[in-house]
Peer 1: 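Pasting a structure here, questions to come.
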Amino acid sequence: TNPAHSLPALAPCWSWFLAISRQRPLMQCGFALVGGVEIENRWAVSLVRAMGCALRRGAPRPCEAQVHLTGLGSGTHERGVDYFASPHDALLLKERLWAAAGGETAAEALAQDKAQLLRDDPLTLRVKIVQRQRSRALANLTEALQALLFSASAGDVALSLARFEGLALAQQVEYARDAHLLLLAHGAAVVNALFVRPCAAVCELFPRRYFPRGFFQLLALDAGALA
């Protein structure tokens, strides 16, 4: 299955591991998902490894801890999808991935943006766009970029465009982390909203007459973004 279906299962696992590790610091981290989402896509497998966890097939052995995680990741139709037990859990996972990609901490990123805003030179807004290769591609992307550049003052906006198909998790993390505004169509790529810098904006575009309430919005909010 794709990352959009994997993350609602993996995020509560991460929250559970954090809670258990505080109680039992020497416990080795590993889990098996039984009778639920199959973790087979490259993004999700890479995330499991970045967590410092091991993914095994089959039921846990009797000596291993078992927990039912249907509540955290299921959410409700009115509220949307729940991911982490707390925004702090999302921050710890984000900073783990940022460190693996050779980046600063979230606090350092926020301090850099604040410092630039206080200087005489205006902040260059980094707009990062993710274009899909197949379905739900942004049809009028060229016209939209031209309009944005025309309306912006010179040097005020820096535009970037990427296609995430084929990119490794670390490359997607690095791209999202650098954005002040992450703009992309609804789909699996929006899971990377988890990795944006504090106070960044995530703009998720939907096809006409299709709006699943809160599918990725709570994830972006947990990550400290505006959504």
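Residue indices begin at 1 and follow the sequence shown. Bear in mind the structure is a predicted one, so any value in this text is a computation, not a measurement.
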Peer 1: List the atom of Ala223, the atom of Leu194, and the distance in Å for their closest heavy-atom pair.
Peer 2: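 In this case the closest contact between Ala223 and Leu194 is CB-O, 3.4 Å.
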Peer 1: Kindly indicate whether the side chain of Asn192, heavy atoms from C-beta on, has any atom under 4.5 Å from the side chain of Tyr175.
Peer 2: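 Side-chain contact under 4.5 Å: no.
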Peer 1: Report yes or no: do Val173 and Met51 belong to one cluster of Ile/Leu/Val/Met/Phe/Trp/Tyr joined by side chain heavy-atom distances under 4.5 Å?
Peer 2: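 Per the 4.5 Å side-chain linkage, Val173 and Met51 are co-clustered.
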Peer 1: Work out which heavy atom in Val196 is nearest to a heavy atom in Ala225; give both atom names and the distance.
Peer 2: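 Between these two residues, the closest heavy atoms are CG2-CB, 3.5 Å.
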Peer 1: Tell me, please, which residues at least two apart from Leu167 pass side chain to side chain contact (heavy atoms under 4.5 Å, CB included).
Peer 2: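 Phe164, Gln171, Gln172.
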Peer 1: If you measure from CD on Gln131 to CZ on Arg163, what distance do you get to the nearest 0.5 Å?
Peer 2: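 Those atoms lie 5.5 Å apart.
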Peer 1: What closest approach, in Å, do Arg132 and Gly187 show between heavy atoms, and which atom pair accounts for it?
Peer 2: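 Shortest heavy-atom separation between Arg132 and Gly187 comes out as NH1-CA, 3.5 Å.
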Peer 1: Kindly compute the distance separating CG (Leu10) from CZ (Phe17), expressed to the nearest 0.5 Å.
Peer 2: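 That separation rounds to 9.5 Å.
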Peer 1: Before giving the answer on side-chain contact (heavy atoms from CB on, under 4.5 Å), spell out for Phe84 and Leu219 the whole-Å C-alpha distance, their side-chain angles and the decisive distance to 0.1 Å.
Peer 2: CA-CA 8 Å; Phe84 298 91; Leu219 174 65; 3.9 Å; yes
Peer 1: Kindly compute the distance separating CG (Leu226) from SG (Cys203), expressed to the nearest 0.5 Å.
Peer 2: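 Spacing of CG (Leu226) from SG (Cys203) equals 11.5 Å.
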Peer 1: With rounding to the nearest 0.5 Å, note down the distance linking NE2 in His186 to CZ in Phe206.
Peer 2: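 His186 atom NE2 to Phe206 atom CZ measures 6.0 Å (nearest 0.5 Å).
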Peer 1: Does the side chain of Leu47 come within less than 4.5 Å of Leu97's, by heavy atoms?
Peer 2: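 Yes, at least one pair of side-chain atoms sits under 4.5 Å.
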Peer 1: Do Pro207 and Arg136 have side chains that get closer than 4.5 Å, going by heavy atoms?
Peer 2: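 Yes, at least one pair of side-chain atoms sits under 4.5 Å.
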Peer 1: Would you say Val45 ends up clustered with Leu93 if hydrophobic residues are merged whenever their side chains have heavy atoms under 4.5 Å apart, either directly or through other cluster members?
Peer 2: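 Same cluster.
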Peer 1: Does any non-hydrogen side-chain atom of Trp98 lie less than 4.5 Å from one of Glu108?
Peer 2: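 Not in contact.
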Peer 1: Does one hydrophobic cluster hold both Leu161 and Val157, with members joined at side-chain heavy-atom distances below 4.5 Å?
Peer 2: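 Yes.
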Peer 1: Find the distance between CZ (Arg197) and OG1 (Thr105) and round it off to the nearest 0.5 Å.
Peer 2: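 Arg197 atom CZ to Thr105 atom OG1 measures 10.5 Å (nearest 0.5 Å).
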Peer 1: Do the side chains of Leu169 and Arg49 get nearer than 4.5 Å, heavy atoms only?
Peer 2: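 Side chain of Arg49 against side chain of Leu169, heavy atoms only: no contact under 4.5 Å found.
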Peer 1: Same cluster for Leu92 and Phe195 if Ile/Leu/Val/Met/Phe/Trp/Tyr side chains link at under 4.5 Å?
Peer 2: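 Shared cluster, yes.
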Peer 1: Looking at Ala200 and Ala179, what are the two nearest heavy atoms and their distance?
Peer 2: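 So the minimum-distance heavy-atom pair works out to CB-O, 3.6 Å.
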Peer 1: Can you tell me how far CG of Leu205 sits from CG of Leu184, rounded to the nearest 0.5 angstrom?
Peer 2: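 So the gap between those two atoms works out to 7.5 Å.
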Peer 1: Can you check whether Tyr83 reaches Phe216 side chain to side chain, under 4.5 Å on heavy atoms?
Peer 2: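 Tyr83 vs Phe216: side chains touch.
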Peer 1: What are the two closest non-hydrogen atoms of Asn2 and Ala4, and how far apart are they?
Peer 2: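 So the two residues come closest at OD1-N, 2.9 Å.
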Peer 1: For Pro3 and Pro8, which heavy atoms make the closest approach, and how far apart are they?
Peer 2: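 Residues Pro3 and Pro8, closest heavy atoms: O-CD, 4.4 Å.
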Peer 1: Pair His88, Leu18 - check side-chain contact (heavy atoms from CB on, under 4.5 Å), show working.
Peer 2: CA-CA 10 Å; His88 183 65; Leu18 290 178; over 6 Å; no
